[in-house]
Amino acid sequence: MGKTLTLAKIANHAAKKIQGYHGVCVLDTEKERVDVLKLLPASEVWGIGRKLTAKLSIMGIKTAYDLACLDPKAAQRQFSVEVERTVRELNGQPCKTWDEAKADKKQIFSTRSVGKRIIDLPSLQQALSKHVAIASYKARQQQSLCQVLMCFAASSPYDAYPVNDKCIHRFAYPTSDTTVLTKTVMAMVEQMFKPDVRYYKIGVGLIDLVEGQHTQMDWLNPEPDDPRLMKVLDGLNQRYGSDSVFLAAQGIERKWAMRRDRLTPQYTTRWGDLPVVRC
């Protein structure tokens, strides 16, 4: 632990590498901070790379404490603003923060290897419908719309004649509606399916995602999204668990689902996984 991100990084290093800390280092006093900085090479400071270490060495800056004693303004003039921030952080002045907002993804994929080879068209349609539902949910979570949909199905690369089929569809109107995407996938699979192939890996990808929060609606769109329906669908699945409500196109038995015989028990989230004590 430390007052700044850079000091916290140094404390993490000290807890692991410096004897006497036994895995825990808290830089909460001035003496503790100085003692650790004097033991730490400048090259171990967060943001100080190999080339920068060589330049600092020429200036006589060998340890993290030497770097902390450097004048911040001089560090900016001789190196960069980032080095100035590092110097200030070493002295307990917060200058760096974690990213407050994560950038939206430009592509969203959902892929899996199936537990049982898929050899018929309905099973392949069900499996890809399931994956397009997963991907569309993720797109709605970040308020994005899909302009290009890609789906693929492949046999094992160790088969005698490996097959990797792929199909791409571009929408006239960007969408994140599961019903619209599923209908499109069903048609794409009919074009892609080969009866003599034992499919092993499948997946879908939403490509060319665009911001959907302020999208201008078009009354000429023959298949407009139904945001109210999607809100209800997502709300029910969030409240009662994944796949509490789903489209019939995804199938019910799902013999192709991934094998999870050795899945780690979920002791804190599933009643069935609670350990039973017999006495």
Side-chain angles (χ1 to χ4, degrees), residues 100-146 149-154 171 174-189 199-207 209 211-213 215 223-278:
E100 296 180 358
K102 185 171 63 174
D104 291 338
K105 296 180 180 179
K106 298 301 181 182
Q107 298 180 348
I108 295 176
F109 281 81
S110 177
T111 64
R112 287 292 185 277
S113 297
V114 297
K116 182 179 180 181
R117 295 290 190 97
I118 296 177
I119 58 176
D120 59 283
L121 177 60
S123 295
L124 185 59
Q125 288 177 323
Q126 292 174 11
L128 288 172
S129 296
K130 167 63 177 175
H131 287 293
V132 82
I134 295 173
S136 61
Y137 169 72
K138 293 180 179 179
R140 290 193 296 273
Q141 288 297 100
Q142 67 175 35
Q143 297 183 326
S144 295
L145 300 176
C146 166
L149 171 64
M150 181 187 76
C151 64
F152 70 89
F171 293 97
T175 178
S176 63
D177 192 302
T178 301
T179 59
V180 176
L181 291 167
T182 300
K183 182 178 179 181
T184 305
V185 164
M186 298 288 278
M188 294 168 68
V189 175
Y199 293 103
Y200 172 70
K201 189 170 184 178
I202 59 172
V204 301
L206 308 184
I207 310 175
L209 296 177
E211 192 272 331
Q213 189 174 5
T215 300
E223 292 184 314
D225 287 1
D226 191 340
R228 291 184 298 177
L229 176 61
M230 293 299 102
K231 184 177 180 179
V232 172
L233 178 68
D234 295 340
L236 290 173
N237 285 326
Q238 289 173 358
R239 181 173 182 179
Y240 297 106
S242 178
D243 281 347
S244 295
V245 182
F246 56 88
L247 300 185
Q250 299 178 30
I252 297 176
E253 294 187 3
R254 301 179 185 177
K255 297 179 180 179
W256 40 265
M258 178 184 287
R259 293 178 181 174
R260 295 188 172 183
D261 300 336
R262 300 184 182 274
L263 186 66
T264 302
Q266 303 172 38
Y267 296 117
T268 60
T269 57
R270 292 185 60 184
W271 289 107
D273 288 343
L274 285 176
V276 178
V277 178
R278 302 182 185 278

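The shown structure was predicted, so the numbers you read here are calculated from the model rather than taken from an experiment. All values below were derived from every heavy atom in this structure, side-chain atoms included, with hydrogens, water molecules and symmetry-related copies excluded.
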For the pair V180 and F171, evaluate side-chain contact (heavy atoms from CB on, under 4.5 Å) and give the outcome as yes or no after the intermediate values.
CA-CA 10 Å; V180 176; F171 293 97; 4.3 Å; yes
Which value, rounded to the nearest 0.5 Å, describes the distance between S244 atom OG and Q238 atom CD?
11.0 Å
I119 backbone acceptor or donor facing S123 side chain under 3.5 Å:
no
Please assess S129 against M186 for the test side-chain contact (heavy atoms from CB on, under 4.5 Å), listing each intermediate value before the final yes or no.
CA-CA 7 Å; S129 296; M186 298 288 278; 3.5 Å; yes
Checking D243 against K130 for the salt bridge (Lys or Arg N to Asp or Glu O under 4.0 Å) test, could you report, in this order, the C-alpha distance in whole Å, the side-chain angles of both residues, the deciding distance, and whether it holds?
CA-CA 10 Å; D243 281 347; K130 167 63 177 175; 2.5 Å; yes
Rounded distance [0.5 Å steps], CG in L229 versus CG in D234
9.5 Å
Which atom pair, heavy atoms only, marks the closest approach of N237 to V245?
OD1-N, 2.9 Å
Identify the heavy atoms of D225 and S176 that sit nearest to each other, and give their distance.
OD2-N, 3.2 Å
Under 3.5 Å, is there a donor on one side chain and an acceptor on the other for T175 and D177?
no
Closest heavy-atom pair and its distance - T178, M230
N-SD, 3.4 Å
Shortest non-hydrogen pair, A139 vs L206, comes out as CB-CD1, 4.0 Å
Looking at V189 and Q125, what are the two nearest heavy atoms and their distance?
CG1-CG, 3.7 Å
Using side chain to side chain contact (heavy atoms under 4.5 Å, CB included) as the criterion, point out the one residue from L247, L233, D226 that pairs with T179.
L247
About how many Å separate NE2 of H131 and CZ of R112, when rounded to the nearest 0.5 Å?
6.5 Å
May I ask you to decide if K105's main-chain N or O and Q142's side chain share a donor-acceptor pair within less than 3.5 Å?
yes
To the nearest 0.5 Å, tell me how far L149 CG sits from M188 CE.
4.5 Å
Within a 6.0 Å radius of atom CZ on F152, are there more than 12 heavy atoms belonging to other residues, nucleotides or ligands?
yes
Worked check of side-chain contact (heavy atoms from CB on, under 4.5 Å) between L124 and D120:
CA-CA 7 Å; L124 185 59; D120 59 283; over 6 Å; no
Of all the heavy-atom pairs spanning L181 and S136, show the shortest one and how long it is.
CD1-CB, 3.5 Å
Distance, nearest 0.5 Å, that separates OH of Y199 from CZ of R117:
12.0 Å
Let me confirm one number: the SG-CD distance from C146 to Q107, rounded to the nearest 0.5 Å.
10.0 Å
Would you say Q126's side chain and A249's backbone share a donor-acceptor pair under 3.5 angstrom?
no
